[in-house]
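Right, one structure below, let's go through it.
Within every chain, numbering begins at 1; the chains are lettered A, B, ... in the order of the sequence lines, protein sequences first and strands thereafter.
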Amino acid sequence: GDSVTQMEGPVTLSEEAFLTINCTYTATGYPSLFWYVQYPGEGLQLLLKATKADDKGSNKGFEATYRKETTSFHLEKGSVQVSDSAVYFCALINAGNMLTFGGGTRLMVKP
Amino acid sequence: DTGVSQNPRHKITKRGQNVTFRCDPISEHNRLYWYRQTLGQGPEFLTYFQNEAQLEKSRLLSDRFSAERPKGSFSTLEIQRTEQGDSAMYLCASSPWDRGSNTEAFFGQGTRLTVV
């Protein structure tokens, strides 16, 4: 079946550092890929998405490119802020079914 | 529309008791999903509905779990004879599914269940 693998956290960075959170997936067909974010005490929020190969999703300074050749969807941000501290989940939807999530990566940004 | 609403936000129950959670999806979203999330893990799929039809159930959904969406609007998730292992955050999501599309889901705040 479909699966998503994320780098384990926590990832601890200083403010204004560069962020990369790795995500790879296994799926047949042509899934859509997503990054969700969960801030402390809040529900899951969609951060960005990409629906086909080579698409780049972007939002709030975060970017991720759908790489079919490497089955990856790594999340990047050029300069993180303390307010970016949260848990980030990579996910996919395949064949119009349900979301399959990775295990999540906790990001902690220190001032 | 204020988004997906889940009630209650927190529930503490004694082992062996039954509990029921409610989810109100975004209006006109035909798909409704239930997930379970334990501490430090990603959400795990439980079941989903398209309108009132329950289309798929995970193997995680034991016989003690039942979900309904009687009129294709709100949904309930019931857990009978709760066990300590049922302690988790139960998440509901909805989406405006269309044939051939992989539309993202919108999540509620979740119901945190603690079984003591």
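- With a 4.5 Å cut-off on non-hydrogen atoms, A:Q38 touches chain B through its side chain but not through its backbone.
- Heavy-atom pairs under 4.5 Å with chain B peak, among A:V4, A:L44, A:T51, at A:L44.
- A heavy-atom distance below 4.5 Å is found between the side chains of A:M98 and B:Y35.
- Side chain of B:Q41 to backbone of A:G103: no donor-acceptor contact under 3.5 angstrom is found.
- Within a 6.0 Å sphere centred on CG of B:L60, other residues, nucleotides and ligands contribute more than 12 heavy atoms.
- Under the 4.5 Å side-chain heavy-atom criterion for ILVMFWY residues, a single connected hydrophobic cluster contains both B:W34 and B:L113.
- Hydrophobic clustering of Ile, Leu, Val, Met, Phe, Trp and Tyr side chains at less than 4.5 Å, counting indirect connections, keeps A:F34 apart from A:L48.
- Side-chain contact between B:Y48 and A:L99 is absent, with no heavy atoms from C-beta onward closer than 4.5 Å.
- Interface remark: B:Q50 contributes no atoms to any contact with chain A (heavy atom separation under 4.5 Å).
- For B:E28, the CD atom sits in a loose shell: 12 or fewer heavy atoms of surrounding residues, nucleotides or ligands are nearer than 6.0 Å.
- For A:Q81, the CD atom sits in a packed shell: over 12 heavy atoms of surrounding residues, nucleotides or ligands are nearer than 6.0 Å.
- The hydrophobic clustering, which links ILVMFWY residues whose side-chain heavy atoms are closer than 4.5 Å, places A:V11 and A:F73 together.
- Here the side chains of A:F89 and B:Q37 are in contact, with some heavy-atom distance below 4.5 Å.
- Of the listed residues (B:G40, B:A105, B:G110), the greatest number of heavy-atom pairs within a distance under 4.5 Å of chain A belongs to B:A105.
- Grouping the Ile, Leu, Val, Met, Phe, Trp and Tyr side chains by contacts below 4.5 angstrom, directly or via other members, places A:M7 with A:L19.
- When heavy atoms are compared at a cutoff of 4.5 Å, B:E44 does not approach chain A at all.
- For B:L91, the part lying under 4.5 angstrom from a heavy atom of chain A is the side chain only.
- The hydrophobic cluster containing B:F106 does not contain A:L47, counting ILVMFWY residues as joined when their side-chain heavy atoms lie under 4.5 angstrom apart, directly or transitively.
- Contacts between B:E104 and chain A at a heavy-atom distance below 4.5 Å involve backbone atoms as well as side-chain atoms.
- Using a 4.5 Å cut-off on side-chain heavy atoms (C-beta onward), A:Y36 and B:F107 make contact.
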